[in-house]
Amino acid sequence: MTNLDLYAKAEHLLGIEEATEALYDLYRSELDDYDVKTLLDVGCGRGGFMQRMISDGVKCKGVDLSALMVQECQSQGLDAECIDAKDVTGKYDAIVSIFDVLNFMNKEELVDFLESMAEKLNDDGLFIADINTLYGFKDVAEGTMSNDSEEEFLNVDAVFENNELHTKFTLFEKNEAGTFTKYQDTIVQYFHKINIFQKLEGLKLVEKQTFSLYDTEDKTLLIFKKR
Ligand SMILES: C[S@@+](CC[C@H](N)C(=O)[O-])C[C@H]1O[C@@H](n2cnc3c(N)ncnc32)[C@H](O)[C@@H]1O
């Protein structure tokens, strides 16, 4: 199992449903100002945002590097693939990467990814994403939490050092024999300074809004237009 599949297995124990809904509302209201008919959701997770946009009449495609996430999308009838976003064919009116997806990429991967997304946008196309602020990493994401039910136990231990958040996930899952299977892996997330986003060839940063998802100014929403 990959570390992203472990995240997919553990996500429902993280208590992020309310924050996810708040983010979806924010993205939806930003997209409302534009005439978006086609949307690509990179890091689409379980497809919650695509479901909302489809109900608004938008044609959606999602990609995610977790096969488990993509299976869940496909089981709801969504158009989703477990492929690198750079390999998506076709062009879109808007591309989104919601809830930390850009923080999963290091600086080199990020620049490469963003330039490639520019090529997948129609003229006047929009790319919208959110990133964690330094405060969001240091004071919100860092630390330890655990959660359990009859069937599962999750421990999450996150350390922020040298602009990287290393989050160790340990999940115990009850199996049919009544014993527990242990899964453990680490996800690294990278803090990104805003100046990276201001030097792109294919995308122009037209708006940045720092806002509070969990706590004071823990996230920044970035809105780009295709150059
Ligand atoms: C915090 S989850 C957010 C999921 C979804 N956007 C949502 O809001 O519910 C981050 C997602 O990004 C995916 N991911 C991480 N790096 C990725 C990449 N380079 N390309 C595509 N998906 C990626 C993970 O597998 C995970 O599903």
Side-chain angles (χ1 to χ4, degrees), residues 1-31 39-54 58 60-76 78-88 92 94-117 120 127-132 136-137 140-141 145 154 156 158 164-167 169 171 183 185-192 196 211 213-214 218-222:
M1 179 182 304
T2 67
N3 58 353
L4 294 181
D5 283 342
L6 177 55
Y7 172 84
K9 263 170 122 44
E11 191 180 62
H12 69 286
L13 294 166
L14 295 174
I16 59 169
E17 295 81 2
E18 214 176 298
T20 304
E21 287 300 325
L23 273 180
Y24 289 175
D25 287 347
L26 178 65
Y27 275 74
R28 216 168 164 187
S29 71
E30 292 296 337
L31 289 168
L39 177 117
L40 173 66
D41 187 343
V42 178
C44 61
R46 306 191 137 74
F49 189 68
M50 285 199 282
Q51 289 285 21
R52 279 160 188 73
M53 295 307 290
I54 288 168
V58 178
C60 295
K61 178 174 183 77
V63 290
D64 199 290
L65 289 183
S66 159
L68 278 182
M69 290 295 202
V70 168
Q71 274 164 25
E72 289 204 27
C73 289
Q74 290 171 344
S75 69
Q76 303 164 61
L78 294 169
D79 176 5
E81 275 188 280
C82 186
I83 56 169
D84 190 319
K86 286 184 273 176
D87 296 330
V88 170
Y92 296 83
I95 303 178
V96 295
S97 279
I98 306 175
F99 215 151
D100 297 358
V101 178
L102 301 192
N103 290 118
F104 285 72
M105 303 174 197
N106 65 32
K107 186 177 168 184
E108 202 175 59
E109 290 164 344
L110 177 69
V111 172
D112 214 37
F113 165 76
L114 292 168
E115 298 294 12
S116 159
M117 291 306 100
K120 299 186 192 309
F127 175 75
I128 311 183
D130 58 88
I131 51 166
N132 284 315
F137 271 125
V140 181
M145 61 85 66
L154 174 71
V156 179
E164 292 181 6
L165 183 79
H166 291 245
T167 308
F169 289 81
L171 178 71
Y183 303 93
D185 214 332
T186 298
I187 288 183
V188 181
Q189 284 180 274
Y190 303 85
F191 166 68
H192 299 303
I196 299 180
F211 63 101
L213 190 60
Y214 291 104
D218 51 359
K219 283 212 158 274
T220 304
L221 187 77
L222 303 169

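Scope of the values below: all heavy atoms of this structure, side chains included, with no hydrogens, waters or symmetry mates. In listed order, ligands and their atoms are each counted from 1. Predicted, not measured: the structure shown is a model, and the values here were computed from it.
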Applying ring-ring contact (aromatic ring centres under 6.0 Å, His included), can you list everything that pairs with Phe104, at least two apart in sequence or on another chain?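 Partners of Phe104 by the ring-ring contact (aromatic ring centres under 6.0 Å, His included) criterion come out as none, since no residue qualifies.
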
Identify the protein heavy atom lying closest to [atom], giving its residue, its atom name and the separation to 0.1 Å.
| atom | result |
| --- | --- |
| atom 16 (N) of ligand 1 | Phe104 CB, 3.6 Å |
| atom 6 (N) of ligand 1 | Gly43 O, 2.6 Å |
| atom 20 (N) of ligand 1 | Leu65 CG, 3.5 Å |

Of all the atoms in ligand 1, which lie at a distance below 4.0 Å from a heavy atom belonging to [X]?
| X | value |
| --- | --- |
| Met105 | 19 (N) |
| Cys44 | 5 (C) |
| Tyr24 | 7 (C), 8 (O), 9 (O) |
| Ser66 | 25 (O) |
| Met69 | 27 (O) |

Gln189-Glu164 side chain donor-acceptor pair, cut-off 3.5 Å: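 Judged by distance alone, the side chains do not pair up.
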
[Y] backbone acceptor or donor facing [X] side chain under 3.5 Å:
| X | Y | answer |
| --- | --- | --- |
| Arg46 | Val70 | no |
| Glu115 | Asp112 | no |
| Asn3 | Asp185 | no |
| Asp64 | Cys82 | no |

May I ask you to check whether Val42 has an N/O atom sitting below 3.5 Å from an N/O atom of ligand 1?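 So ligand 1 has no N or O lying under 3.5 Å from an N or O of Val42.
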
Looking only at distances, can you tell me whether any N or O atom of Asp64, backbone or side chain, sits closer than 3.5 Å to an N or O atom of ligand 1?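 Asp64 vs ligand 1: N/O contact under 3.5 Å present.
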
Residue part near ligand 1, for Ile98, under 4.0 Å between non-hydrogen atoms: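 Under 4.0 Å from ligand 1, Ile98 contributes backbone and side-chain atoms.
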
Would you kindly specify which portion of Tyr7 sits under 4.0 Å from ligand 1, judged on non-hydrogen atoms: side chain, backbone, both or neither?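 Only the side chain of Tyr7 comes within reach of ligand 1.
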
Distance in Å, Arg52 CZ paired with Tyr27 OH, rounded so as to fall on 0.5 Å steps: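 OH of Tyr27 is found 14.0 Å from CZ of Arg52.
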
Salt bridge (charged side-chain N to carboxylate O under 4.0 Å, His left out) against Asp84, all qualifying residues, sequence neighbours excluded: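 With sequence neighbours excluded, Asp84 shows a salt bridge (charged side-chain N to carboxylate O under 4.0 Å, His left out) to no residue whatsoever.
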
